[in-house]
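Since this is a predicted model, take the numbers as computed values, not measurements. Whatever order the structure lists them in is the order used to number ligands and atoms, beginning at 1.
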Amino acid sequence: MTTGRFLPADLRPVPRRPTDTSVYVIEDGLWCLRLPLPYRAPTSVNCYLLALADGFCLIDCGTSLPPGWSALARALELAGVEPGAVRLLLCTHLHADHAGGAATVVEQTGCEFVRAIGPDTIDDVLRDPAIPVETRRRMGLHEGIPGVELDAWVDARLADDVHHDRISPERFLTEGDILATRLGRWRVVPAPGHSPTQVVLFNEPRRWLISADLAYGSPEPFLEYGHTPDPYGEHLAAIDRIRELNASLLLPGHGRAVNDPALRLGEARAAAVARSQRILAALSTQPRSAHALVLELVEGDPDHNRRQSMLSVTLCVLQHLETTGQAVSETGDDGVRRFRR
Ligand SMILES: [Zn+2]
C-alpha cells in the first residue's frame, strides 16, 4: 500500500462526482464516454463504447479511484446500455486511468477482458508497485535522486491509483486482430512507447483511429521507462507507422476528437524529437545525472507528477541516445550514473 505520509499535496486525489461524466454520440453505434479523473491533469479520460452484433464492447474503463465504477455506470446509463450488455472490455494499455477499473468492470458486467500481449506494467520501473520499493529506491539513487527525496520520487503516487487489482486477460491481442462491430471492423495496431502494451484501433472502412495516448494533446509525451529496450525509438516508430494509415478522424484517450490526425500525429512526433534535442543540448556542457537533467527541464516547476513523469521520459531518451551512440554514461564513486555526449 502507498505510505500516505510521503504523499505530496499535489499528488492527492482531486474529488470528482459521477455527475462530472459526459457522453457523446460519435455515430450510431459509437459513443465517447468521458469519465472524470481525480487528477489535476488530465481531468478526464475518454472510453469508447462500440455496439457489437450482440451486446457492446468497452474500450478502456477509467481509474479505480472514486468516482470509479459509479462514473462508468452513469455513462452507460446515459448511453442507454445495461451493464450486463457489455460483453468485452478492451484496454488500450495498462495505465491506471485507462485500465485501473478493469477488475471492477469484469465483476459488475461479467464481460471478457482483453489487452495486448506484453509485460504487465502500470508505470515506469521507478514507480511501478509490482517492483519492490527497495529496488526502486536503489534505482533512484543510481539516477541521482538525493536520498532524502527518494520516497517522494519512487513511492508517492496518486493515493492508491497504481495499487488497484490486476487481472489476467481472457486472451491477449496481437497485431492484426480484428474487432467486428456494427460500425465495421477495427484492426488492432500495436503502438508501444507510451506504454509497452499500448495498441490503437483502426476502422478501415471509415479510416477512424481510436488512438489511446499515442498522440497525447500535451506538449510533453509520456514514455514508460524500464520495461523494453528503447521506448523512445518505439514511440517514434509507432507514430510513423500509424501516420501511414492516413486516418481521417482521431479519437484520443484524453480531450476532443481531432479532425486532422496527420497534424496531431506530426505534433506529437515533433514534441518527442524536441524533448530529445533539449536533453542532448543539456548534456553537451558537462556530465549530468538523469535527476539533475529533470530539474533543469522542469525549470523549477514543483509539480511532483510532472517531475516523476519527466524522469521516466528523460531516462527513455538517454537510453535511446546511448543506444544510438550519441551519449555515454558512467557510474561515479558515489554510485550515481551520469551522462555526457
Ligand atoms: Zn497512458
Visitor: Using a cut-off of 2.8 Å, how many protein N, O or S atoms lie below it in distance from the Zn ion (ligand 1)?
Guide: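 Near the Zn ion (ligand 1), the number of protein N, O or S atoms below 2.8 Å is 4.
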
Visitor: What residue pairs, at least two apart or across chains, pass side-chain hydrogen bond (donor to acceptor under 3.5 Å, both in side chains) with a residue in residues 293-303?
Guide: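 For residues 293-303: Arg288-Glu296, Asp301-Arg306.
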
Visitor: Return each pair, listed once, that meets ring pair (Phe, Tyr, Trp, His ring centres under 6.0 Å) where at least one residue sits in residues 49-101; pairs must be two or more places apart or across chains.
Guide: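 Checked against ring pair (Phe, Tyr, Trp, His ring centres under 6.0 Å) - neighbours excluded - the pairs reaching residues 49-101 are Trp31-Phe56, His93-His95, His93-His98, His93-His194, His95-His194, His95-Phe222, His98-His254.
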
Visitor: Using side-chain heavy atoms (C-beta onward) and a distance below 4.5 Å, is Val114 in contact with Leu89?
Guide: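 In short, these two side chains do not touch, never coming nearer than 4.5 Å.
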
Visitor: Measure the shortest side-chain to side-chain distance between His235 and Pro221 over non-hydrogen atoms and say whether it is less than 4.5 angstrom.
Guide: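 Touching, per the 4.5 Å side-chain cut-off.
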
Visitor: Tell me which pairs pass side-chain hydrogen bond (donor to acceptor under 3.5 Å, both in side chains) where either residue lies in residues 180-190, with sequence neighbours left out.
Guide: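 Counting only pairs at least two positions apart or across chains, the side-chain hydrogen bond (donor to acceptor under 3.5 Å, both in side chains) contacts touching residues 180-190 are Thr181-Trp186, Arg187-Glu204.
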
Visitor: Find out whether Phe339 and Val328 are in side-chain contact, i.e. whether some heavy atom of one side chain is under 4.5 Å from a heavy atom of the other.
Guide: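 They are not in side-chain contact.
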
